[in-house]
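Working notes, beginning with the structure itself.
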Amino acid sequence: MAFEKDNIIAQLKDASITDLNDLVKAIEDEFDVSASAPVAAAGAAGAAAAKSTFDVELTSAGAGKIKVIKELKGIAGLGLKECKGIVDNAPSMVKEGLSEDEANDIKEKLEAQGATVTLK
């Protein structure tokens, strides 16, 4: 008996919800498996989706250290000396408690200058 994938798919398309439910139960019983998603994975996905504030961390300044310092000055509103300290001591926090859009905007600006940035 040959396995006819296309035939099986066509039959599934024509099946009712009740028929498909019965099929899933039969497969679970026959092969001793479960079609339900693990609860831990669903909980982790929900926790990630619920995050409302983000922190921007400068991981590395890369090759364009001076460009990163200048960009950081405009973003953080700090003086050159403070911005140089942040860059020299990377990884270090740039800003904390931002919305996702603000954090991504800062990340894009710094990465455009050659920096490596992580959102936490």
Which donor-acceptor pairs under 3.5 Å do side chains of residues 66-80 form with protein atoms, sequence neighbours excluded?
none

If we ignore hydrogens and angles and just use 3.5 Å, is the side chain of E102 paired with the main-chain N or O of S99 as donor and acceptor? yes
Sequence neighbours excluded, the answer for salt bridge (charged side-chain N to carboxylate O under 4.0 Å, His left out) partners of D105 is K109
Residues forming a salt bridge (charged side-chain N to carboxylate O under 4.0 Å, His left out) with K25, sequence neighbours excluded: none
Anything under 3.5 Å between a donor and an acceptor, one on a side chain of residues 5-12, the other on a protein residue two or more places apart or in another chain? List them.
none

Do you know the tightest heavy-atom contact between K65 and V87? CG-CG1, 3.7 Å
Qualifying residue, where the test is side-chain contact (heavy atoms from CB on, under 4.5 Å) with L98 and the options are N104, V56, L119, T53: V56
For residues 13-24, run the donor-acceptor check on the side chains, cut-off 3.5 Å, and write out each pair with its distance to 0.1 Å, sequence neighbours left out.
from	atom 1	to	atom 2	distance (Å)
S16	OG	D19	N	3.2
S16	OG	D19	OD2	3.2

In chain order, what residues pass the salt bridge (charged side-chain N to carboxylate O under 4.0 Å, His left out) check against K120, with sequence neighbours excluded? E57
If hydrophobic clusters are built from ILVMFWY residues whose side chains come within less than 4.5 Å, do I86 and I106 share one? yes
How many angstroms lie between atom CZ of F54 and atom NZ of K95, to the nearest 0.5 angstrom? 16.0 Å
Give a yes or no answer on whether the side chain of D55 reaches the backbone of G97 with a donor-acceptor pair at less than 3.5 Å. yes
Gap separating the CD atom of E111 from the OG1 atom of T59, nearest 0.5 angstrom: 9.0 Å
